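This report concerns only the one structure given below.
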2 protein chains.
Amino acid sequence: MSKASARSAILDATKRLLWERGFEATSPRDVLDASGAGQGSLYHHFPGKLALGVAALEEIAAEEVAAMDAIFDPALPPLKRVRAYLERKRDPLKGCRLARMANEAAIEQPEFRRPIAAYLERIETHLRTSLEEAGAGGELKAGADPAVLAAALLAIVEGGFVLARAHWDGERMVRAVDGGLALLDGFTAAETSR
Amino acid sequence: MSKASARSAILDATKRLLWERGFEATSPRDVLDASGAGQGSLYHHFPGKLALGVAALEEIAAEEVAAMDAIFDPALPPLKRVRAYLERKRDPLKGCRLARMANEAAIEQPEFRRPIAAYLERIETHLRTSLEEAGAGGELKAGADPAVLAAALLAIVEGGFVLARAHWDGERMVRAVDGGLALLDGFTAAETSR
DNA sequence: GTCTATAGGGGGATAGAC
DNA sequence: GTCTATCCCCCTATAGAC
């Protein structure tokens, strides 16, 4: 790993600090201290703090999108995929690696929010298409709108992180997600999965 | 209003800036510039930035709790109260005045999160008791758990703010809340409100 | 209770040697 | 491509006159 070089050390440190502290609270100095790189290396590879943050977010998004693609395994029955997403193991107090940044001032910069939005969009699409597939298979009740249910389930998870952090109690997220599972059950036609 | 004095000018400016930018992004200097007060006034009335933020959050929480208490008017049928909460007019891109702070480092301080948690708890309690009342009146389907549904509905609203800001598109929140309304309909026994 | 002046430290960024 | 040294500005807080 000697040729991992300063660039990747800087990116790795940034990815870690973004999750722990967010963007504004992470200074270039913090990144350098955490990575062991020198002052000039950062500004050689990135034009500034914003670009560094964007590059780190893009790597984080790539990792998390891959994890989501694995969870929404097309080999599984569609409603099992949705349940797998809701029941995924999470650390509520750490917040969502990407959506955690939604309230930073930098979110107004399109390049900053692009990887975050892409990640959320991917989940919502997986949820919607899974629900559509379930509906086509007669597993959903009539009147269930996959697009609207997908948006609500995603909001429950992201809102669950917020509630957990606001109360500093991971159980708050668990309860919200349980509500999401109940929501799913409520729209599931009698027979199927579970 | 001449005796409104520096203290309330400082608090008002802080309340405004907390909503616009959050806590870390708001400096004591910003507050002084926005309020017209002098440097010393801030530190005469508050021991430091954290205490100022807490005092401002307590006022914001008091205002928002009052607004919630008005929405959950006991004179209304219980399910109408829940719908009124979900359908409340909001500015999705501005975020929740209180829960917006959930990802700031200061949230780890108990006094900082107390007003935020109290506000969220109040909403959740209103939702739960309204749903319990609806259940007692036979308006909810069997198996609907008011506590879990309340947590999910609150998470949908708070998560909706996050989705809207991440996409910089208020429609994202509208869709999530529509899912909340569908969730409610799904657990409503055939005849009732709407 | 309010003000102006100021301090010490860290923020983001640049210069330029190696 | 990497490093050390340095810059200017703003951050939070204190001093002390009025």
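Since this is a predicted model, take the numbers as computed values, not measurements.
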- Rounded to the nearest angstrom, tell me the gap between atom CG in B:Leu17 and atom C1' in D:dC11. 15 Å
- Message: A:Phe46: which residues meet the ring-ring contact (aromatic ring centres under 6.0 Å, His included) condition with it, sequence neighbours left out?
- Response: none
- Query: OP1 or OP2 of C:dT2 sitting under 4.0 Å from any side-chain N/O of B:Ser5?
  - Reply: yes
- Message: Assess whether a salt bridge exists between A:Arg113 and B:Asp169, defined as any Lys/Arg side-chain N lying under 4.0 Å from an Asp/Glu carboxylate O.
- Response: no
- Query: Does A:Ser27 offer a backbone N or O that forms a donor-acceptor pair with the side chain of A:Asp30 under 3.5 Å?
  - Reply: yes
- Item | Stacked cation flag B:Lys49 on B:Phe23, 6.0 angstrom / 45 deg | yes
- Hey, can you pull the residues of residues 27-38 of chain A with a non-hydrogen atom under 4.0 angstrom from DNA chain D? A:Gly36, A:Ala37, A:Gly38
- Task: To the nearest 0.5 angstrom, please state how far the CG atom of B:Leu79 sits from the CG atom of B:Leu140.
- Result: 6.0 Å
- Out of curiosity, A:Leu11 CG to A:Ser35 OG, how far, rounded to the nearest 0.5 Å? 10.0 Å
- So, does A:Glu24 use its side chain to make a donor-acceptor pair with the main chain of A:Ala105 at under 3.5 Å? yes
- Item | Interatomic distance where CD1 belongs to B:Ile10 and C1' belongs to D:dT12 [whole Å] | 14 Å
- Message: Assuming nearest nucleotide by heavy-atom distance, tell me which of A:Glu24 and A:Gly40 is located more 5' along DNA chain C.
- Response: A:Glu24
- Item | DNA chain C contacts among residues 41-53 of chain B, heavy-atom distance under 4.0 Å | B:Ser41, B:His44, B:His45
- Query: Hey, does the Lys NZ or Arg CZ of B:Arg97 hover above the aromatic six-ring of B:Phe161, less than 6.0 Å from the centre and inside 45° of the axis?
  - Reply: no
